[in-house]
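In each ligand, atom 1 is the first atom listed, and ligand 1 is the first ligand listed. Note that this is a predicted model, so its numbers are computed, not measured.
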Amino acid sequence: MAGGMTGPGHQPELLVLDSAAQAAEAVGRRIGAELAAGRAAVLGLATGATMRPVYAWLAQAGVSLRCATTFNLDEYVGLAPGHPASFAFFMREHLFSRVEHDPCRIFLLDGLAPDLEAEAARYEAAIHAAGGIGLQLLGIGRNGHIGFNEPGAPFNSATRAVTLAPSTRAANQQDFPPGEPVPAQALTVGIGTILRSREIVLLATGPAKAAAVAAALTGPPGPHCPASALRLHPSVLVVCDRDAASGLGPRASEGAE
Ligand code: F6R
């Protein structure tokens with residue numbers, strides 16, 4: 001299948017914790033370990049409600065991003081970094097205003113770029129120049145998206161402009177002021193780029209993610225479920241609370257701590 005499931009399959013490691021707070025802390029600790037001793041880590045970062053407690057944990061733990069380079073996964077096309085629903089704003093509010101960091105090493109996609117193809121190429125080149133992503137943090141959409149790679153996105157896709165699924169726009173409407181529509185397009189790091197990370201940690205919490213987690217880990221793999229691409233990667237940790245793991249059946253209790 002072109003751009004589909006091609007390489008050998010892998011089984012992501014699964015960690016199921018009792019609460020969303022514990023799951024977020026486990027992910028925070030993993031990121032903290034990556035940053036320990038001032039290592040020059042290259043992190044791929046996500047936004048969204050799932051990530052808020054992770055960044056809150058990092059801030060209260062006093063971690064430093066001083067030696068880290070970070071690449072955010074996505075941004076809405078047409079939103080300025082000062083727009084309260086932009087992912088640039090989210091990152092400033094939840095992480096960068098709260099932890100020490102080097103602004104020159106914080107990379108964000110520019111939703112206002114006049115040439116989206118050139119912007120995507122700039123980002124890919126910057127990731128390459130940084131030596132690739134070391135640890136990639138992911139959330140998961142209710143439709144199985146990772147970043148803004150919606151169902152149908154090729155598994156070998158690079159960073160690019162995409163059209164958002166109606167269900168994603170509906171899910172994210174709550175982040176926008178009343179009456180303001182969610183942009184139709186976004187820039188996202190591609191699935192192929194995500195799969196070139198050294199290691200991937202996906203965090204899913206809440207019952208609304210149970211079906212997507214089950215489809216990603218146990219359903220038939222393929223572009224209809226972008227997160228199933230993670231089964232092509234040899235080093236993936238999926239961290240869930242019990243609600244998000246509830247569609248996994250016996251596998252979830254095997255992975256439970
Ligand atoms: C955002 C991103 C998205 C979210 C996903 C889940 O940067 O990459 O894939 O991780 O939409 O969002 P929440 O956590 O708000 O449910």
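- More than 12 non-hydrogen atoms from other residues, nucleotides or ligands lie less than 6.0 angstrom from CD of Glu180.
- Every atom of ligand 1 with a heavy atom of Leu73 under 4.0 Å away is listed here by number and element: 8 (O).
- No side-chain N or O of Asp241 forms a donor-acceptor pair with one of Gln22 less than 3.5 Å apart.
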Inset, instruction - For side chain to side chain contact (heavy atoms under 4.5 Å, CB included), just list the numbers for Leu232 and Phe155, CA-CA rounded to whole Å, side-chain angles, deciding distance to a tenth of an Å, and then say yes or no. - result: CA-CA 9 Å; Leu232 291 174; Phe155 282 3; 3.8 Å; yes
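- Looking at atom 5 (C) of ligand 1, its nearest protein heavy atom turns out to be His145 NE2, 3.4 Å.
- Taking 4.5 Å as the limit, every side-chain heavy atom of Val42 sits out of range of all side-chain heavy atoms of Leu135.
- Residue Phe87 has no N or O atom closer than 3.5 Å to an N or O atom of ligand 1.
- Shortest contact from atom 2 (C) of ligand 1 to any protein heavy atom: Asp74 OD2, 3.3 Å.
- Checked by distance only, ligand 1 and Met51 stay at 3.5 Å or farther apart across all their nitrogen or oxygen atoms.
- Arg98 has no carboxylate O lying under 4.0 Å from a charged side-chain N of Glu93, or vice versa, which leaves the two without a salt bridge.
- No side-chain heavy atom of Ile133 sits less than 4.5 Å from a side-chain heavy atom of Ile194.
- Scanning all protein heavy atoms for the shortest distance to atom 16 (O) of ligand 1 gives Lys209 NZ, 2.6 Å.
- Listed by number with element, the atoms of ligand 1 under 4.0 angstrom from any heavy atom of Thr50 are 13 (P), 14 (O), 16 (O).
- Each of the atoms 14 (O), 15 (O) of ligand 1 lies under 4.0 Å from some heavy atom of Gly48.
- Close contacts between ligand 1 and Gly139 involve ligand atoms 10 (O) [criterion: under 4.0 Å to a heavy atom].
- Close approach to Ala49 involves these atoms of ligand 1, each under 4.0 Å from a residue heavy atom: 13 (P), 14 (O), 15 (O).
- Looking from atom 4 (C) of ligand 1 to the surrounding protein, the closest heavy atom is Thr47 O, 3.9 Å.
- Side-chain atoms of Leu138 and Leu203, non-hydrogen and from C-beta on, never get closer than 4.5 Å to each other.
- Considering all non-hydrogen atoms of both residues, Gly144 and Ala212 come closest at N-CB, 4.0 Å.
- Close placement of the Phe176 and Tyr76 rings is indicated, their centers lying within 6.0 Å of each other.
- Taking atom 3 (C) of ligand 1 as the reference point, the nearest protein heavy-atom neighbour is Gly147 O, 3.6 Å.
- Here Ile140 has backbone heavy atoms under 4.0 Å from ligand 1, and that is the only part of it that gets that close.
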